[in-house]
Participant: 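Okay, handing you the structure first.
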Protein chains: 2
Amino acid sequence: MGMGRPREFDAELALDQAMEVFWRHGYEGATIAQLTEAMGINPPSLYACFGNKEGLLKAALDRYTKLRNVWMDGVVAAPTARDVAERMLMGIAEKQTDPANPPGCLLVQGGVACGTGSENVPFELAARRAQNEDQLRDRFVRAKAEGDLKPTSDPAALARYVSAVSVGMGVMASSGSDCEALRQVATVAVQAVEAQSERR
Amino acid sequence: MGMGRPREFDAELALDQAMEVFWRHGYEGATIAQLTEAMGINPPSLYACFGNKEGLLKAALDRYTKLRNVWMDGVVAAPTARDVAERMLMGIAEKQTDPANPPGCLLVQGGVACGTGSENVPFELAARRAQNEDQLRDRFVRAKAEGDLKPTSDPAALARYVSAVSVGMGVMASSGSDCEALRQVATVAVQAVEAQSERR
DNA sequence: CCAGATATGTAGTGTTCGCTACAGATGTGG
DNA sequence: CCACATCTGTAGCGAACACTACATATCTGG
């Protein structure tokens, strides 16, 4: 039995284009017509490869978080909890205003509220954000064990906090805030982590 | 000349229902059918009264911000910048998880990204959020003048920061975080404002 | 009671949505 | 070269979308 005609487009390259459309217009705001045009393919190719619109989103999210996790590994490699927060938030200030991408964060712009039939999309995004929060929490647990964070500090709360700030920065970026404004937010935000750190 | 048949529904009451639909499903996720059903009216009444879907959203936003501003007046009445931040973020933790309303904040859930033809909706929401930020900034400017905040502090940056945190909390609330989790975020966040305050 | 004005309910309008049937093209295994 | 399998482009499916024409109902001013 034959293996059939090979696909003529690069799935990962097409995903990058789809990712950008979802990023800019959100899940519901992105149309199949816009997606197929950006991906350079026709609807049947899209559906054969990704199942449906939601499947395409999940594939794009997988790709997004994969790239993001590589970056996060570098973030949590910072020597102290304070430096982790600073590296993360300062990096986010730059990444979310990078003109190479749509402003903000796909995990937020993708859709915080959706209509009937797409209710699980916001949860899908939330689950990906939770991964980053877990990574931060683990890092802060270590920082507490190392005596970097105070014994009274709450690593989970700190991780939630840093995650919340980055989400807020993402929304600000998508509505026009420039890198400098976001860096100011990051600078202030880091001081809360500093307050939970042992003096040195 | 006669004044015509009077409308049979309460516009403000209907707006409250529309507000809830936009809040829960976002601008694009909310359909006219859902809106009219929740408002208890038929499409022609909606269009005669609010122009179109976007006009209805703006009217709902006006009502939302009006109620919110009353609350904000109480927030900025707190004696210190630190207390302003605490009162605001703790209040937001409760309000955004109040089961009487959809979770999160309409000014975020309404839509951070929209499709072609609704591009100005996110900006409309951002403009309303900016009002709150301005109110906070003015309050922090005063706090600095009063010697409550350090001379080196940046009131505008602080306001942006508090605003960013509240937006982030809103997204977390909409994706299932409970009040306690948000309060933890608020508790940490306040410490950054504290770090900018004069010791007393 | 009448004329003008506005609101309401019914029943649609045209458009766009996500998605797919189908025929032709292009590959593999025998 | 032939079955078979998979991809591709054209063309269009039914459904849902925002919105509205129209007849009717209910008001005010004279």
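Below, read A as the first sequence line, B as the second, and so on, with proteins coming before strands; counting in each chain starts at 1.
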Participant: For B/Gln109, enumerate each residue passing the side-chain hydrogen bond (donor to acceptor under 3.5 Å, both in side chains) test, keeping only those at least two apart in sequence or located in another chain.
Facilitator: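 Residues passing side-chain hydrogen bond (donor to acceptor under 3.5 Å, both in side chains) with B/Gln109: B/Ser174.
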Participant: Linking Ile, Leu, Val, Met, Phe, Trp and Tyr by side-chain heavy atoms under 4.5 Å, what else ends up with A/Leu67?
Facilitator: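 Hydrophobic cluster check, A/Leu67: no partners found.
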Participant: Looking at D/dA25, does its base get a donor-acceptor pair with the side chain of B/Arg5 below 3.5 Å?
Facilitator: yes
Participant: Going by number, which of residues 106-126 of chain A have a non-hydrogen atom under 4.0 Å from DNA chain C?
Facilitator: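 Under 4.0 Å from DNA chain C: no residue of residues 106-126 of chain A.
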Participant: Write down the distance between CZ (A/Phe9) and P (D/dC7), rounded to a whole number of angstrom.
Facilitator: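 One finds 9 Å between P of D/dC7 and CZ of A/Phe9, rounded.
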Participant: Taking salt bridge (Lys or Arg N to Asp or Glu O under 4.0 Å) as the test, write out the residues that go with A/Arg63, two or more places apart.
Facilitator: A/Glu12, A/Asp16
Participant: Would B/Arg7 pass as a cation-pi partner of B/Phe9, given that its NZ or CZ must be under 6.0 Å from the six-membered ring centre and within 45 degrees of the axis?
Facilitator: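 Judged by the rule, B/Arg7 and B/Phe9 form a cation-pi pair.
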Participant: Among pairs that include at least one residue of residues 58-100 of chain A, which meet ring pair (Phe, Tyr, Trp, His ring centres under 6.0 Å), considering only residues two or more places apart or in two chains?
Facilitator: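 The answer is A/Trp23-A/Tyr64.
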Participant: Please work out which residues in residues 18-54 of chain B have a non-hydrogen atom less than 4.0 Å from an atom of DNA chain C and list them by number.
Facilitator: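 Per residue number, the list reads B/Asn42, B/Pro44, B/Ser45.
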Participant: Any salt bridge (Lys or Arg N to Asp or Glu O under 4.0 Å) pairs touching residues 22-49 of chain B, not counting sequence neighbours?
Facilitator: B/Glu20-B/Arg24
Participant: Only counting residues at least two apart or in another chain, list the ones meeting salt bridge (Lys or Arg N to Asp or Glu O under 4.0 Å) with B/Glu8.
Facilitator: B/Arg5
Participant: In the hydrophobic clustering (ILVMFWY, side-chain contacts below 4.5 Å, transitive), which residues join A/Leu13, or is it alone?
Facilitator: none
Participant: Nearest whole angstrom, please: distance from the P of C/dA5 to the CZ of B/Arg7.
Facilitator: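 Atom-to-atom, B/Arg7 to C/dA5, this comes out as 18 Å.
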